[in-house]
*Asks:* 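Right, I'll just put the structure down here and ask away after.
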Amino acid sequence: MEKTFFMIKPDGVKRNLVGDVVSRVEKRGLTIKAMKMLQISDELAKKHYAEHVDKPFFSDLEEFITSGPVVAMVVEGPKAIKTVRNMMGATDPFEAKPGTIRGDYALIIDENVVHGSDSAESAEREINLFFNEDEIV
Ligand code: IDP
């Protein structure tokens, strides 16, 4: 069993896609171990996207990710990290295959509906950034 961090970004929440995205996770057979809605602060955005803070798109990314509530989750299952990444589709929705979340619901890289950890190290780091141990059931 593996745990990963999964998040519905502000565009997904604004577009009322929470139910659908959560339903896809549940129907796939993954288990939701923690879930909460929160508004990301500038400080948390810089920590979460630490690898991107020096990139030219960071200010747009920070503005976007703090622009409204997100739904953050800890999701568990066999090979959960890669399984969730496969369900999300490519970072650029133009490249994302139909049937994936981004391939079905997004058009541009700036607003691509979901985030999921890309490695075991990021999963651990991101879960600890968003959740206390006692919030994970
Ligand atoms: P990921 O979300 O698929 O893991 P990352 O490369 O970690 O992709 O990028 C994090 C987020 O930063 C992306 O989901 C996207 O919203 C945003 N992003 C990445 N590259 C660009 C870009 O070139 N322009 C604008 N936004 C970008």
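Counting starts at 1 for both ligands and their atoms, in listed order.
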*Asks:* Which heavy atom of Ala45 sits nearest to which heavy atom of Thr66, and what is that distance?
*Replies:*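 Where Ala45 meets Thr66 most closely, the heavy atoms are CB-CG2, 4.1 Å.
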*Asks:* Pick, from Thr91, Ile108, Leu61, the option with the minimum heavy-atom distance to atom 8 (O) of ligand 1.
*Replies:*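 The residue whose heavy atom sits nearest atom 8 (O) of ligand 1 is Thr91.
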*Asks:* Quick one: does ligand 1 sit under 4.0 Å from the side chain of Glu62, the backbone, both or neither, non-hydrogen atoms only?
*Replies:* neither
*Asks:* Using a 4.0 Å cutoff against the non-hydrogen atoms of Lys9, which atoms of ligand 1 qualify?
*Replies:* 13 (C), 14 (O), 16 (O)
*Asks:* Identify, by atom number and element, the atoms of ligand 1 in contact range of Asn112, meaning under 4.0 Å from any of its heavy atoms.
*Replies:*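 Ligand 1 atoms under the 4.0 Å threshold to Asn112: 13 (C), 14 (O), 15 (C), 16 (O).
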*Asks:* Which residue owns the protein heavy atom closest to atom 2 (O) of ligand 1, what's the atom, and how far is it?
*Replies:*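 Here the nearest protein heavy atom works out to Arg102 NH2, 3.2 Å.
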*Asks:* Rounded to the nearest 0.5 Å, what separates atom OG1 in Thr31 from atom CE in Met73?
*Replies:* 13.0 Å
*Asks:* Given side chains that start at C-beta, do those of Phe5 and Glu124 come closer than 4.5 Å, heavy atoms only?
*Replies:*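 No, side chains not in contact.
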*Asks:* Determine, considering heavy atoms only, which of His115, His52, Met7 sits nearest to atom 6 (O) of ligand 1.
*Replies:* His52
*Asks:* Is the terminal nitrogen or CZ of Lys36 (NZ for Lys, CZ for Arg) located under 6.0 angstrom from the six-membered ring centre of Phe131 and within 45° of that ring's axis?
*Replies:* yes
*Asks:* Once the angle between the rings of His115 and Tyr49 is folded into 0 to 90°, is it parallel (under 30°), tilted (30 to 60°) or perpendicular (over 60°)?
*Replies:*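 If you compare the ring of His115 with that of Tyr49, the planes turn out perpendicular.
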*Asks:* Who's closest to atom 22 (C) of ligand 1 heavy-atom-wise, of Phe64, Phe58, Phe57?
*Replies:* Phe57
*Asks:* With a 4.5 Å cut-off on side-chain heavy atoms, are Val114 and Tyr105 touching?
*Replies:*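 No, their side chains stay 4.5 Å or more apart.
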*Asks:* Mark yes or no for whether Arg102, through its side chain, and Asn112, through its backbone, hold a donor-acceptor pair below 3.5 Å.
*Replies:* yes
*Asks:* Relative to the heavy atoms of Asp110, which atoms of ligand 1 are at a distance of less than 4.0 Å?
*Replies:*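 Those qualifying, in numeric order: 25 (C).
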*Asks:* Quick one: look at Arg85 and ligand 1, take heavy-atom pairs under 4.0 Å, and tell me if it's side chain, backbone, both or neither.
*Replies:* side chain
*Asks:* With heavy atoms under 4.0 Å as the rule, classify the contact between Tyr49 and ligand 1 as side chain, backbone, both or neither.
*Replies:* side chain
*Asks:* Report the part of Ile109 (side chain from C-beta onward, or backbone N, CA, C, O) that has a heavy atom under 4.0 Å from ligand 1; answer both or neither where that applies.
*Replies:* both
*Asks:* Once rounded to the nearest 0.5 Å, what's the spacing between atom CE of Met88 and atom OG1 of Thr91?
*Replies:*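 Answer rounded to 0.5 Å: 6.5 Å.
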